[in-house]
Each structure stands twice: as C-alpha cells, then as structure tokens.
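A quick note: this is a predicted structure, and the numbers were derived from the prediction, not measured.
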Amino acid sequence: MKESEFCNNGPSDAQSTPKIYSPATQPLLQSLLSTLADIDFEYERQREKVSRGSTDLNLRIRVLERLKVQHQERRLPYIQQLAILQERMIPHR
C-alpha cells in the first residue's frame, strides 16, 4: 500500500470538521508515525553514507537499490498498521 493511499487530502476534507482521535488511538498513531520517521531518517543517513563512500558506480547503484528494498520492507508493517487504524477510525457509509 502506498502512503498516498493512507491519507486522502482531497477537497472534501478541507470542508469537513477537523479529525479528533480517541485518547486510545492517538498514542498508537503517534508511535507508528514516529517509527516511520525514524526508519526514513535512518534510510536517508545510510543513502548519504553510501553515496559519499564508494567510487565504484556500479557497486554504489547496487547497494542503493538494496537499501531501498530494505527500507520498503522495514516500512511495510507500519504502513499496514496505519491502514488498519485508519479503517477503524473512518465510519463506514
């Protein structure tokens, strides 16, 4: 699932009331988002390190591709949890 699928900021959202999360939901939401931010920060740090490191272009490309795959794999369970949480928060029509 793409991150863009999690958050829909279309025109109808601008006219609706602000979202208020239940006290039980907010800590989980914050924890998931914080973990994703940490994962993204670490990925960017590793990318910069690899980009500055090797002079072998082919090796650098392979390592960066592997880092990207690992990054996506690390993020996936948290994105899935956010999707489940979102499903619980949105009233069914």
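- Contacts of Q30 classified as side-chain contact (heavy atoms from CB on, under 4.5 Å), with partners at least two apart in sequence or in another chain: Q26.
- Atom CD of Q72 and atom OH of Y43 lie 7.5 Å apart (nearest 0.5 Å).
- Between the S31 side chain and the P27 main chain, no donor and acceptor come within less than 3.5 Å of each other.
- Among pairs with a residue in residues 56-68, none fulfils side chain to side chain donor-acceptor pair (under 3.5 Å), at least two apart in sequence or across chains.
- For the atom pair CD (E44) and CD1 (I39), the distance works out to 13.0 Å, reported to the nearest 0.5 Å.
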Original post:
For D40 and H71, what are the C-alpha separation, side-chain angles and deciding distance, and is it a side-chain contact (heavy atoms from CB on, under 4.5 Å)?
Top reply: CA-CA 8 Å; D40 290 346; H71 174 246; 2.7 Å; yes
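- With hydrophobic clusters built from ILVMFWY side chains whose heavy atoms lie under 4.5 angstrom apart, L85 shares a cluster with L33.
- Rounded to the nearest 0.5 angstrom, L67 CG and R74 CZ are separated by 10.5 Å.
- D38 CG to Y78 OH: the interatomic distance, rounded to the nearest 0.5 Å, is 9.5 Å.
- Applying the side-chain contact (heavy atoms from CB on, under 4.5 Å) test to Q81 and every residue at least two apart in sequence or in another chain returns L32, I84.
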